[in-house]
Amino acid sequence: MTAATAIRVRGLSKTYKKTEALRGLDFDIPAGQITGFLGPNGAGKTTTFRALMGLTRPEGGDIEVMGLRVPGELNSITKRVGCIIEEPGLIKAHSGRVNLRIAADTLGFGHDRIDELLEFVGLTQDAGRRADEYSKGMRQRLALAAAMLGDPDLLLLDEPLDGLDPAGQHAFRARLRALADEGKTVVVSSHDLTDIEALADYVVVIDLGRLVSQGPLEELLGSGGTHVVVDEGQRSRDALSKAGFESRFEAGGVVVDSVDGSAIVKALAAHGIYPSEVRPSRNSLESVFLGITGEGDV
Amino acid sequence: MSLLHAEYLKVTRRKLFPTMLALLGFLMAFVGVLFYVILPALPESQGGGGLVPQRPGAFIFGAQQVAGQAWWFAVILATAVLGGEMASTVWATSLTRDSRKVGHIGSRFLVFTVASWLAFLAGTAVWAAITWVFAEGSGSPELSEWLGLLWKFILISGAWTSVGLGAVAMTRSIALAMGIALGVSFVDSIVAPFVDLYEQISLTAASNGIFDVGGDGPFSSLIPGGDMSTTQAISVLAGWAAVGLVLTWWGLQRRDA
């Protein structure tokens, strides 16, 4: 395991009664980045997170978190990892501030970071309100603050954006980005590809308890070619074909399977066609995911 | 101290605690009115005319009833709070770690035991008020008898709290843990009067025995533990508390929920 790897998992397997949740899962997660941990419902995301935190005992495989082995060095790992998996465990009858005090006492951390964390998650003004008066987005931000009480190097967040409105998602993503910019490793699981595409630097895709794909988001999305907006679509495609370019109609224009924009413009201009817009056409994460898994329900 | 404070905050603001307290108070008031007002007024053919506790013994009789019947308070509190925490990964991560495990278990045991103890005292206060107003006879127990209730209640609530904690730590399920505790209480109270050997270690019998209800008291023959000495009752209650705490520790060793 290299110093730049925050999590290394090899051959992880877990069976619940007759259901194989994880089937020899392998993946690496780089340190200091935001990693999207993707998979359809039932892919094994939560089981993997629980195994990383030592809450599920796998039948086989090796796990290293921050260079420490699970379960042998869990006591050291717990102090360096903050997590929100499934229910955040807030006490709704208490205020946000008291919830953080209770969490700090229970987890064995001091109270000295509470004000700073309330400010970081944007809850300073609402710190005295009861948690049951919070919106879902505010509760998620409070849970994030609780997960950060020990100033962890690694954050494991299971579906943190689920159920948040667009403004709440934006605010939450901005805070996760700020953490990554500080050098923290953030792992966010989701079944929503749009969430991950807007957030992640690196992506791990699993399905049926196995790794499907992993790599930097940009690399995974690759280039979808060049999107050209022209008035004469069919004549443009003919011109491009004669110049050796493959093309198709898509989204109000023509998408050419090449990233060489100047060559495309030159080929069109040779036939008296001048595009009103030329821009790179990137694959969506959804199309990549569907391509590598064949899944319709993500 | 911080763990104790955290548990205190968790328990005090839960609706569960005042709800159960109100229920216990209502039950004791109802039983008191039933004993002192309704049953004596009924003709014998309809169940009236039975033995009715009289002052001053009626006060301690009621306290014994609270301790013997309100075990569910300690069990529900322990299973609901710890079980709820086990369902939350943040707390479960903390609870299943070796570091501070003794502190986590100890703080919960202490806070839940004291909370149940306060509930027992509140139930006894309701009973005492009803007794004061409606019971026949005169006088009240010696101060030493009232003070004796304090440590007797602590032992009983501690034993049942421990059983609740052990059950939920082993099962990781609030419903299953409550079912097990209910089963223990039911089987315990059924078996104890009929199997002498088991009566010597019965939690129900010890909960009665600690009140020294033996001798020629009117209800002693009906109550398991009537012949148990106070010393033995203390030992049995402490033993159940220890078993429950060991089961709690063992249950939290298991990482697989």
Side-chain angles (χ1 to χ4, degrees), chain A residues 14-16 46-47 49-59 70-79 81-95 97-111 130-132 142-144 146-147 149-150 152 156-158, chain B residues 1-21 77 80-112 115 168-170 172-174 250-257:
Chain A
K14 174 69 187 175
T15 302
Y16 292 109
T46 300
T47 300
F49 274 25
R50 292 180 64 86
L52 292 174
M53 292 306 296
L55 291 169
T56 288
R57 191 187 297 274
E59 279 93 38
V70 176
E73 296 171 283
L74 267 175
N75 281 337
S76 303
I77 292 169
T78 309
K79 293 171 188 164
V81 180
C83 68
I84 309 173
I85 306 175
E86 299 161 324
E87 177 61 38
L90 301 176
I91 300 168
K92 293 177 180 172
H94 281 301
S95 68
R97 185 185 299 281
V98 172
N99 262 284
L100 290 185
R101 284 183 186 155
I102 291 172
D105 288 344
T106 305
L107 299 170
F109 301 125
H111 293 183
R130 285 164 56 113
D132 56 4
L142 183 62
L144 177 64
L149 278 164
L156 290 176
L157 310 175
D158 189 22
Chain B
M1 197 63 195
S2 58
L3 274 172
L4 281 175
H5 187 236
E7 293 311 310
Y8 165 76
L9 288 173
K10 285 182 203 170
V11 168
T12 51
R13 292 299 283 271
R14 280 178 186 269
K15 289 177 184 166
L16 182 69
F17 186 72
T19 303
M20 290 201 304
L21 205 57
L77 193 65
V81 178
L82 185 63
E85 289 178 343
M86 294 307 297
S88 160
T89 311
V90 174
W91 304 128
T93 304
S94 171
L95 285 164
T96 53
R97 292 295 85 83
D98 287 335
S99 56
R100 286 162 60 90
K101 187 175 287 179
V102 171
H104 279 298
I105 295 171
S107 59
R108 283 162 178 79
F109 173 71
L110 281 176
V111 171
F112 300 163
V168 79
M170 293 296 289
R172 306 284 170 94
S173 159
I174 297 173
W250 190 31
L252 293 180
Q253 287 291 101
R254 288 173 41 242
R255 290 184 291 113
D256 224 347

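These figures come from a predicted structure and were not determined experimentally. Lettering of chains follows the sequences in order, A, B, ..., and the numbering in each one begins at 1.
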task: Please state whether the side chain, the backbone, both or neither of Val81(A) comes within less than 4.5 Å of a heavy atom of chain B.
output: neither
- prompt: Does Ile102(A) offer a backbone N or O that forms a donor-acceptor pair with the side chain of His5(B) under 3.5 Å?
  reply: no
Could you give the distance from [atom1] ([X]) to [atom2] ([Y]), rounded to the nearest 0.5 Å?
| X | Y | atom1 | atom2 | answer |
| --- | --- | --- | --- | --- |
| Glu85(B) | Ile91(A) | CD | CD1 | 7.0 Å |
| Lys92(A) | Lys15(B) | NZ | NZ | 10.0 Å |
| Arg108(B) | Thr106(A) | CZ | OG1 | 6.0 Å |

Check [X] against [Y] and note the closest heavy-atom contact, atom names and distance.
| X | Y | result |
| --- | --- | --- |
| Ala6(B) | Asp105(A) | CB-CB, 3.8 Å |
| Lys10(B) | His94(A) | N-NE2, 4.2 Å |
| Gln253(B) | Arg57(A) | O-NH2, 4.4 Å |

query: Do Arg101(A) and Leu9(B) have side chains that get closer than 4.5 Å, going by heavy atoms?
result: no
